[in-house]
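Worksheet: one structure, shown below.
The structure presented is a predicted model; accordingly, all values stated were derived computationally and were not measured. Throughout, protein chains are lettered first and strands after them, A, B, ... in sequence-line order, and every chain is numbered starting at 1.
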Protein chains: 2
Amino acid sequence: MSPNLSQRLKDSGIQPSAQRLAVAQYVLSTDDHPSADQVLAKVQSLVPMLSRATVYNTLNLFVEKGLLKQLVLAEGKVVFDPVLSPHHHFIDDDTGRIEDVPWDAIRVSDPARLEGYDVTEYMVVMRGRKLGGPRKLQKKR
Amino acid sequence: MSPNLSQRLKDSGIQPSAQRLAVAQYVLSTDDHPSADQVLAKVQSLVPMLSRATVYNTLNLFVEKGLLKQLVLAEGKVVFDPVLSPHHHFIDDDTGRIEDVPWDAIRVSDPARLEGYDVTEYMVVMRGRKLGGPRKLQKKR
DNA sequence: GTCAAACTCTGGATTAAGTCTAAAGCCGAA
DNA sequence: TTCGGCTTTAGACTTAATCCAGAGTTTGAC
């Protein structure tokens with residue numbers, strides 16, 4: 001997909017390797033908000049010789065180098081998001097699926113000006129149900 | 001403290017017991033946003049004969065009966081909040097401390113009207129540093 | 001008061017997510 | 001080719017949380 005993922009890793013100060021590229025290929029271009037185990041499963045199906053430790057190392061490295069953000073939004077779920085620009089999140093209570101919500105979809109009265117706090121970052125976290133649509137993953141618990 | 005905590009439990013459909021009252025006494029009146037282990041430690045210092053399983057059972061029961069809310073905001077921290085009315089949260093990146101932010105302190109353009117979603121609940125999650133103050137818990141890691 | 005049924009608590013075993021470690025593999029520079 | 005430094009691996013370890021089966025309590029009927 002990405003023209004040269006390898007270059008992108010180098011630009012972030014990461015030495016490319018087969019395993020790192022395989023992880024990058026999936027995790028940097030998904031909007032699934034996968035957990036570490038989901039990344040492991042997915043990438044392992046393509047590159048069977050891949051250990052758990054490597055996946056964790058790689059994900060943590062990517063987070064450290066700023067290619068990924070780590071989110072902790074729901075019940076015991078640590079999840080990775082390749083969208084680096086600020087945005088909000090919606091969590092579907094039925095499926096557990098997390099979706100990105102564009103920054104402009106919601107207006108928030110500047111919390112950076114909160115009395116007595118130096119707010120460096122914020123987001124709106126919403127919960128509910130997604131309406132209409134193909135309703136594909138309804139019972140994906 | 002609370003005039004009759006016992007009654008409050010009954011009103012929520014919870015059979016009071018020594019252990020449950022001890023847990024309730026602490027967790028329903030704190031603004032510490034304690035984790036389960038913190039609750040265990042705290043309550044055990046008053047009532048030494050208290051098992052971990054009981055604390056988890058009790059906390060889960062309280063959540064189920066609507067006396068507590070369970071929050072998952074930060075890195076591997078499941079935390080409990082007795083404030084049931086809607087409010088926002090601020091997380092101090094230095095100390096990890098979570099503080100409640102009054103609902104009215106921030107205005108959000110009604111996310112309940114988000115196109116294609118049925119939003120039942122939302123909050124603003126902020127991160128940053130707390131300013132000034134007695135700076136008491138600075139290195140409380 | 002006594003008894004049984006139902007509920008509650010306990011410690012220890014178990015599970016699951018994540019980290020650590022020591023050894024082996026790989027790769028580029030001299 | 002050989003060396004040194006990264007990267008990967010499998011498995012041991014850690015920690016949070018849940019499960020379980022037995023023991024202890026409470027309640028209500030008699």
Starting at NZ of A:K65 and ending at P of D:dC6, how long is that distance when rounded to a whole Å? 12 Å
Residues A:A105 and B:L114: closest non-hydrogen pair is CB-CD2, 4.0 Å
C:dA16 C1' sits how many Å from A:Q38 CD, rounded? 15 Å
Between B:N60 and A:I14, whichever has its closest DNA chain D nucleotide further toward 5' is A:I14
Of all the choices, D:dT18, C:dG18, C:dC9, which nucleotide is nearest to the side chain of A:V78 once you look at every atom? C:dG18
Show the numbers, then the answer: is there a salt bridge (Lys or Arg N to Asp or Glu O under 4.0 Å) between B:R127 and B:D92? CA-CA 6 Å; B:R127 290 166 179 280; B:D92 190 312; over 6 Å; no
Taking B:T30 for the side chain and B:V27 for the main chain, is one N or O donor matched with an acceptor at less than 3.5 Å? no
Distance check needed: D:dT7 P versus A:R20 CZ, whole Å only. 4 Å
Measure from NZ on B:K10 to P on C:dT8 and round the result to the nearest Å. 13 Å
Between B:S17 and D:dT26, is there a side-chain N or O to OP1/OP2 distance below 4.0 Å? no
Gap between atoms CG and C1', on B:L59 and C:dC9 respectively (whole Å): 15 Å
CZ of B:F62 versus P of C:dT8: gap in Å, rounded? 12 Å
Passes side-chain hydrogen bond (donor to acceptor under 3.5 Å, both in side chains), B:N60 versus B:E64? Steps please. CA-CA 6 Å; B:N60 290 338; B:E64 190 185 316; over 6 Å; no
Side-chain donor/acceptor of B:T54 to backbone N/O of B:L50, under 3.5 Å: no
With the side chain of A:R52 defined as its heavy atoms from C-beta on, choose the nearest nucleotide among C:dG18, D:dA17, C:dC9. C:dG18
What's the CG-P distance between A:L40 and D:dT9, to the nearest Å? 10 Å
Kindly say if A:Y56 contacts the phosphate of C:dG18, meaning a side-chain N or O under 4.0 Å from OP1 or OP2. yes
Rounded distance in Å - CD (B:Q19) to P (C:dC7): 17 Å
Reading nucleotides 20-30 of chain C from 5' to 3' and marking B where a protein heavy atom lies under 4.0 Å of the base, S where only the sugar-phosphate is that close, and - otherwise, the string is B----------
Under 4.0 Å from OP1 or OP2 of D:dT8: is there any side-chain N or O of A:S51 that close? no
Listing request: all ring-ring contact (aromatic ring centres under 6.0 Å, His included) pairs with a residue in residues 93-113 of chain A, at least two apart in sequence or in separate chains. A:H88-A:W103, A:W103-A:Y122
Between the main-chain N or O of A:V83 and the side-chain N or O of A:D81, is there a donor-acceptor pair closer than 3.5 Å? yes
